[in-house]
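Report on one structure; see the data block that follows.
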Protein chains: 2
Amino acid sequence: MFSKACQYGIKAVIYIWVQSLSGARVGAKEIAVHVDAPEPFTAKILQDLVRKKIVGSQKGPNGGFYVDKSHEKFTLKDLVSAIDGDGLFSGCSLGLRECSEENPCPLHSEIKKVRNHVLEMLTKKTLRELALEVNNGETVLSRLIG
Amino acid sequence: MFSKACQYGIKAVIYIWVQSLSGARVGAKEIAVHVDAPEPFTAKILQDLVRKKIVGSQKGPNGGFYVDKSHEKFTLKDLVSAIDGDGLFSGCSLGLRECSEENPCPLHSEIKKVRNHVLEMLTKKTLRELALEVNNGETVLSRLIG
DNA sequence: CAATTTAAGGACTTTTTTATCCTTTATTGT
DNA sequence: ACAATAAAGGATAAAAAAGTCCTTAAATTG
């Protein structure tokens with residue numbers, strides 16, 4: 001469903017949100033450890049997300065990645081399409097060049113419903129809200145370390 | 001959502017079903033043309049599906065791929081998991097090694113609902129039924145050629 | 001201002017997916 | 001039996017995704 005890059009990206013951004021709730025910036029290495037992802041790859045993904053303004057970054061000592069009020073509006077949908085594009089929600093799922101209501105592929109109408117469901121779930125909560133749930137202990141970002 | 005191999009496989013098998021409804025076997029080349037997929041790649045995928053008994057094949061003149069009563073039970077779910085595996089329905093969508101009701105990832109409960117929906121839609125119709133809809137003209141397998 | 005810290009950027013490697021090609025094997029019709 | 005036909009199998013090539021490494025640039029602190 002999601003590429004590896006996207007999985008790492010989702011976990012990383014939620015982790016940044018969790019840390020930013022208490023005002024802390026976090027470095028790529030710390031993020032990678034806590035979301036159980038390869039560090040250089042995670043750094044690349046974050047680089048891209050900074051360019052796309054989904055998270056902020058600060059160089060130098062005590063720098064790192066962070067989020068603030070200006071990032072509160074973003075949902076998983078924004079994050080997923082920033083990393084994986086919107087192939088999950090648009091275009092023909094069987095790759096037909098012409099696929100429409102008038103000329104539907106065999107999966108057209110059923111896939112449409114599934115996609116609406118996916119889209120709804122990806123837009124329902126903001127990334128910040130997902131982080132609050134991690135903060136609460138309702139959900140987790142990696143296997144709990146002894 | 002589906003790999004290229006899976007997209008080609010789905011279209012190819014439905015095409016085989018359509019042709020088998022009127023008793024005709026079809027060769028890899030004909031299939032590839034009609035589902036708008038690369039021929040040798042399509043042939044490879046079909047090879048695999050024959051091993052997995054989702055379609056039948058016959059060598060020699062007038063041979064080709066076909067389906068019969070013994071293949072009627074198969075659904076898209078069977079086909080998709082034969083080609084892409086069941087990563088779409090199982091395992092943590094964020095790649096957590098431990099992800100369960102007690103220890104859920106941030107997407108766990110929502111993804112579960114989506115997956116149930118996906119699973120429902122993939123099991124709702126058999127491949128034969130999808131072929132009947134193509135036969136009816138309700139749906140199509142490729143852009144209509146002149 | 002110098003040393004240190006941390007992200008940014010670019011080049012590169014590895015693995016997986018996608019795709020092609022050629023040879024072999026089985027089947028059929030003559 | 002023989003020629004023709006079509007799938008099976010294996011080897012290989014190309015492209016994309018995943019992952020690494022090294023250098024550069026920016027910011028901070030003493």
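Throughout, a chain's letter reflects where its sequence line sits, starting with A, and its residues are numbered from 1.
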- prompt: Does A/S57 make a side-chain N or O approach to OP1 or OP2 of C/dT6 shorter than 4.0 Å?
  reply: no
query: Would you say A/Q58 reaches C/dA7's phosphate, i.e. side-chain N/O to OP1/OP2 under 4.0 Å?
result: no
- prompt: When you check the side-chain N and O atoms of B/S100 and B/N103, is any donor under 3.5 Å from an acceptor?
  reply: no
query: If we ignore angles and hydrogens, is there a donor and acceptor under 3.5 Å between the side chains of B/S81 and B/D86?
result: no
- request: For atom CG of A/N116, decide whether the heavy atoms of other residues, nucleotides or ligands shown that lie under 6.0 angstrom number more than 12.
  value: yes
message: Closest approach to the side chain of B/P40, judged atom by atom: which nucleotide of C/dT28, C/dG9, C/dC21 is it?
response: C/dC21
- request: For residues B/Q19 and B/F65, determine if any side-chain heavy atom of one lies less than 4.5 Å from a side-chain heavy atom of the other.
  value: no
query: Quick one: are A/E39 and A/T42 in side-chain contact, heavy atoms under 4.5 Å?
result: no
field: A/K11 side-chain N/O to A/V35 backbone N/O, donor-acceptor pair under 3.5 Å
entry: yes
task: May I ask you to decide if B/S70's main-chain N or O and B/D68's side chain share a donor-acceptor pair within less than 3.5 Å?
output: yes
5'-most by nearest nucleotide on DNA chain D - A/K44 or A/N62: A/K44
Nearest whole angstrom, please: distance from the [atom2] of [N] to the [atom1] of [X].
X	N	atom1	atom2	result
B/F41	C/dT17	CZ	P	10 Å
A/R51	C/dA7	CZ	P	15 Å
B/D48	C/dT18	CG	P	13 Å
B/D84	C/dT16	CG	P	16 Å
A/L46	C/dG9	CG	C1'	15 Å
A/I31	C/dA8	CD1	C1'	14 Å

message: Can you pull out the residues from residues 3-29 of chain A that lie within a 4.0 Å heavy-atom distance of DNA chain C?
response: A/V26, A/G27, A/A28
task: Run through A/V67, A/T126, A/V134 and flag the one making a side chain to side chain contact (heavy atoms under 4.5 Å, CB included) with A/W17.
output: A/V67
- request: Evaluate the ring planes of A/Y8 and A/F41, with Trp represented by its six-membered ring, and classify them as parallel (under 30°), tilted (30 to 60°) or perpendicular (over 60°).
  value: perpendicular
- prompt: From the 5' end of DNA chain D to its 3' end, which nucleotides mark the outer limits of contact with chain A, defined by a 4.0 Å heavy-atom distance cut-off (strictly under)?
  reply: D/dA18 to D/dT28
